[in-house]
Amino acid sequence: MINSWHNWLNMTKYDKKWHENDLQDELNEYYEEKKLIKKWSELSDVVYTSTRGQYSGHDIKFPFSKWRLYLGLIYTQNIPEDGYFLGMQGVKPDL
């Protein structure tokens, strides 16, 4: 499923160092975030970034337990941006 998703996105594949740096940036954002929904969003970014590195053929490990991988995937697949899931089109709630 995840590889199909990356195939569909057709993102550029970079060298391992690029993916490691990208993952570190996303981890920094994850650790800095304090609000629940935004932290969940950052977790989904970590999931995306680590699986993108794996899809690109690199040995990039997901830095958390497996349940967080699934939790991040749930967000990625089901929570639209900009408050649409709250019925607030065009409004960016302070989550």
Side-chain angles (χ1 to χ4, degrees):
M1 176 183 98
I2 295 171
N3 283 337
S4 296
W5 178 42
H6 286 293
N7 254 344
W8 180 76
L9 293 173
N10 197 28
M11 300 296 289
T12 303
K13 295 179 180 181
Y14 295 102
D15 63 33
K16 185 177 182 181
K17 185 67 175 163
W18 186 94
H19 287 287
E20 289 171 337
N21 290 339
D22 193 32
L23 180 57
Q24 188 58 55
D25 290 343
E26 294 300 340
L27 282 168
N28 291 342
E29 291 176 14
Y30 171 82
Y31 287 123
E32 289 171 4
E33 189 53 61
K34 303 297 182 222
K35 295 185 178 183
L36 180 63
I37 299 297
K38 287 185 178 182
K39 189 153 190 114
W40 190 14
S41 173
E42 294 302 335
L43 177 61
S44 77
D45 291 348
V46 172
V47 169
Y48 168 78
T49 303
S50 64
T51 59
R52 181 180 178 192
Q54 293 165 6
Y55 172 76
S56 295
H58 307 296
D59 184 25
I60 305 279
K61 301 290 185 211
F62 183 68
F64 302 119
S65 61
K66 200 141 193 130
W67 73 266
R68 286 192 189 181
L69 172 74
Y70 297 126
L71 184 63
L73 284 171
I74 290 168
Y75 182 95
T76 301
Q77 299 297 314
N78 294 297
I79 307 295
E81 294 295 321
D82 297 333
Y84 287 101
F85 72 103
L86 298 175
M88 299 168 43
Q89 292 182 332
V91 175
K92 291 188 178 186
D94 186 24
L95 304 175

What I'd like to find out is whether the side chain of [X] reaches to under 4.5 Å of the side chain of [Y], using heavy atoms alone.
X     : Y     : result
Lys34 : Lys39 : no
Asp22 : Tyr14 : no
Ile2  : Leu73 : yes
Gln24 : Leu27 : yes

> Around atom OH of Tyr70, are there more than 12 heavy atoms of other residues, nucleotides or ligands at under 6.0 Å?
Replying inline: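 Incorrect, the count does not exceed 12.
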So, [X] side chain and [Y] main chain: donor-acceptor pair closer than 3.5 Å or not?
X     : Y     : value
Ser50 : Val46 : yes
His19 : Gln54 : no
Arg52 : Lys13 : no

[atom1]/[X] to [atom2]/[Y] distance, rounded to the nearest 0.5 angstrom?
X     : Y     : atom1 : atom2 : result
Glu20 : Thr49 : CD    : OG1   : 13.0 Å
Glu33 : Lys38 : CD    : NZ    : 5.5 Å
Leu69 : Ser44 : CG    : OG    : 11.5 Å
Ser41 : Glu29 : OG    : CD    : 9.0 Å

> Going by the angle between their ring planes, with limits at 30° and 60°, are Trp40 and Tyr75 parallel, tilted or perpendicular?
Replying inline: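 It falls in the perpendicular class, over 60°.
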> Hey, any chance Trp18 and Ile60 share a hydrophobic cluster, counting ILVMFWY side chains that come within less than 4.5 Å of each other, even indirectly?
Replying inline: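 They do not share one cluster, since no chain of ILVMFWY contacts under 4.5 Å joins Trp18 to Ile60.
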> Can you get from Tyr48 to Tyr55 by hopping between Ile, Leu, Val, Met, Phe, Trp and Tyr side chains that sit under 4.5 Å apart?
Replying inline: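 Cluster IDs for Tyr48 and Tyr55 differ.
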>> Ignoring hydrogens, what is the shortest heavy-atom contact between Leu43 and Tyr30? Give both atom names and the distance.
In response: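 Result for this residue pair: N-CD1, 3.7 Å.
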